[in-house]
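Everything on this sheet refers to the single structure shown next.
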Amino acid sequence: MGPTARWGITLPLRGMPLTDQRDIVAALPDLGYTDAWSAETNGSDAFTPLALAAQWSSQLRLGTAIAGIYTRGPALLAMSAATLASLAPGRFVLGIGVSSAVIVEQWNGVPLTHPYQRSRDTLRFLRAALAGEKVTEEYQTFSVQGFRLEEAPEPPPALALAALRPGMITLAAALADGAITNWLAPGDVPAVRAVAGPDCELIARVFVCPTGDAEAARAIGRRLIAAYLTVPVYAAFHDWLGRGEAMTPMREAWAAGDRRGALAAIPDQLVDELFVHGPPEACRERVAEYQAKGLDTPVIMIVPGPGMDEADAVRRLAPA
């Protein structure tokens, strides 16, 4: 890992079965894609799609964005990472993160406490475990007694940490190889880069709806923005970026249970800043703006518009 221009895609595509995506994945390097990154919310898990992608392409760098540090124990994270690293030697990045209170507490029944400390402890454990060390350690947020991987991967996978504010970004720069961020505009990248420093790879998922129907795209973007950016950690991120005042009407309506009012309170300008839409050529140019501002790895998340062929969108969003 390191500061270099890359072009990523989120797998699996959501509009077709995972098993039908082999030919698409195999073609990605020839189209100019360098990376494929998974996501994990309430659909596919973070690791299984990448295990398939590792067999379908021998060139792509693969990464999890992200595997949760509360919903998996530290040893299980290490085992899953070691397995992927053995399937894709030298081209797997284990991206980890806190996730959200909904996923951790409401869906998995795990208390979400001390997220900074848990992230720090998990990174330290993973460094040791993935290097083949026997780990016996009383960390602040968990303890490990006598764990050693049966077979440590060679080379060990790189590590990346989901980071939305200075504390986590600084931690990523200190203990990981990269920082993963989300829901930011190109103009926000310099603020993140200033905290991360020049040697920390910056990775960001960029939501892209390649359609010329601006009204339909903005309606989709509003729903996503309302769902994501009312979550406290994202709200705090945008407070830090300077959007708190612009987002206050949306947050207040959402907190009052007025979902329709929350959507109506999101101005077009905010949607256009954070949600990439337009003809595919314009979308490519917009994603390239992130790189021009200091992002190393944009990871496109295709958000289907009405009647969109996702396979065709992958081809048309490939780097020029």
Side-chain angles (χ1 to χ4, degrees), residues 1-4 6 8 11 34-38 40 45-99 110 114-163 168 170-180 196-197 199-203 296-297:
M1 295 182 69
T4 185
R6 308 185 71 90
L11 293 179
T34 61
D35 287 54
W37 291 73
S38 62
E40 184 174 85
D45 72 282
F47 292 97
T48 304
L50 299 185
L52 289 172
Q55 305 309 297
W56 295 341
S57 172
S58 61
Q59 299 176 57
L60 292 169
R61 186 176 69 163
L62 308 173
T64 55
I66 49 93
I69 60 173
Y70 288 91
T71 52
R72 289 181 180 84
L76 179 58
L77 270 174
M79 289 186 286
S80 298
T83 301
L84 253 299
S86 69
L87 293 173
R91 55 190 184 95
F92 173 61
V93 182
L94 175 62
I96 62 170
V98 171
S99 189
V110 178
H114 306 296
Y116 177 90
Q117 292 83 356
R118 178 79 177 215
S119 300
R120 178 201 61 204
D121 293 347
T122 303
L123 286 170
R124 288 174 173 168
F125 164 77
L126 288 169
R127 280 289 189 211
L130 291 168
E133 298 177 20
K134 184 176 182 179
V135 181
T136 297
E137 188 72 41
E138 292 287 339
Y139 299 96
Q140 182 178 345
T141 57
F142 59 83
S143 65
V144 177
Q145 304 298 319
F147 175 78
R148 175 179 281 159
L149 283 168
E150 182 177 292
E151 186 172 351
E154 181 58 42
L159 301 177
L161 177 68
M168 285 292 196
T170 301
L171 181 63
L175 297 183
D177 304 293
I180 301 168
D199 299 323
C200 178
E201 180 174 352
L202 292 185
I203 304 143
D296 297 303
T297 307

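Annotation for Ala179 and Ala172: closest pair CB-CB, 3.8 Å, computed over non-hydrogen atoms. Contact between Phe125 and Ala78 at its shortest, heavy atoms only, is CE2-CB, 4.0 Å. What you find for Ala152 and Ala131 is that their closest heavy atoms are CB-C, 4.2 Å. Heavy-atom minimum distance, Gly95 versus Ile180: CA-CD1, 3.9 Å. Between Ala129 and Leu149 the shortest heavy-atom distance is O-CD1, 3.3 Å. Closest non-hydrogen pair, Leu50 versus Ala36, comes out as CD2-O, 3.9 Å.
No side-chain donor-acceptor contact under 3.5 Å links Arg118 to the backbone of Phe142. In this structure, the side chain of Ser119 engages the main chain of Pro115 through a donor-acceptor pair within 3.5 Å. Here the side chain of Asp121 pairs a donor or acceptor atom with the backbone of Thr141 at under 3.5 angstrom. Without hydrogens or angle criteria, Asp177 side chain to Ala160 main chain gives no donor-acceptor distance under 3.5 Å. Between the side chain of Thr297 and the main chain of Ile203, no donor-acceptor pair closer than 3.5 Å is present. Ser80 places no side-chain N or O within donor-acceptor distance of the main-chain N or O of Leu77, the cut-off being under 3.5 Å.
Scanning for salt bridge (charged side-chain N to carboxylate O under 4.0 Å, His left out) contacts around Arg148 gives an empty result, with sequence neighbours left out. Every residue two or more places apart in sequence or in another chain that forms a side chain to side chain contact (heavy atoms under 4.5 Å, CB included) with Ala81 is listed here: Phe92, Leu94, Leu130, Pro157. Looking at residues two or more places apart in sequence or on another chain, you find a salt bridge (charged side-chain N to carboxylate O under 4.0 Å, His left out) between Arg72 and Glu40.
Interatomic distance, CZ of Arg120 versus CG of Leu175, reported as 9.0 Å (0.5 Å rounding). The CG atom of Leu159 sits 13.5 Å away from the CZ atom of Arg124 when rounded to the nearest 0.5 Å. One distance of note links CG of Asp35 with CG of Leu60; it measures 7.5 Å at 0.5 Å rounding. Atom OG1 of residue Thr122 and atom CD1 of residue Ile69 lie 4.5 Å apart, to the nearest 0.5 angstrom. Interatomic distance, Leu76 CG to Phe47 CZ, rounded to the nearest 0.5 Å: 7.5 Å. Note that the CD atom of Glu150 and the CE atom of Met79 stand 10.5 Å from one another [nearest 0.5 Å].
A 4.5 Å side-chain heavy-atom check between Leu161 and Met168 finds at least one atom pair inside the cut-off. Counting heavy atoms from C-beta on, the side chains of Asp296 and Arg6 never come closer than 4.5 Å. With a 4.5 Å cut-off on side-chain heavy atoms, Thr64 and Ile96 do not count as touching.
A salt bridge is defined here as a Lys NZ or Arg NE, NH1 or NH2 lying under 4.0 Å from an Asp or Glu carboxylate O, and Glu201 with Arg61 meets this definition.
The environment of CD in Gln145 is crowded: more than 12 heavy-atom neighbours from other residues, nucleotides or ligands sit within 6.0 Å.
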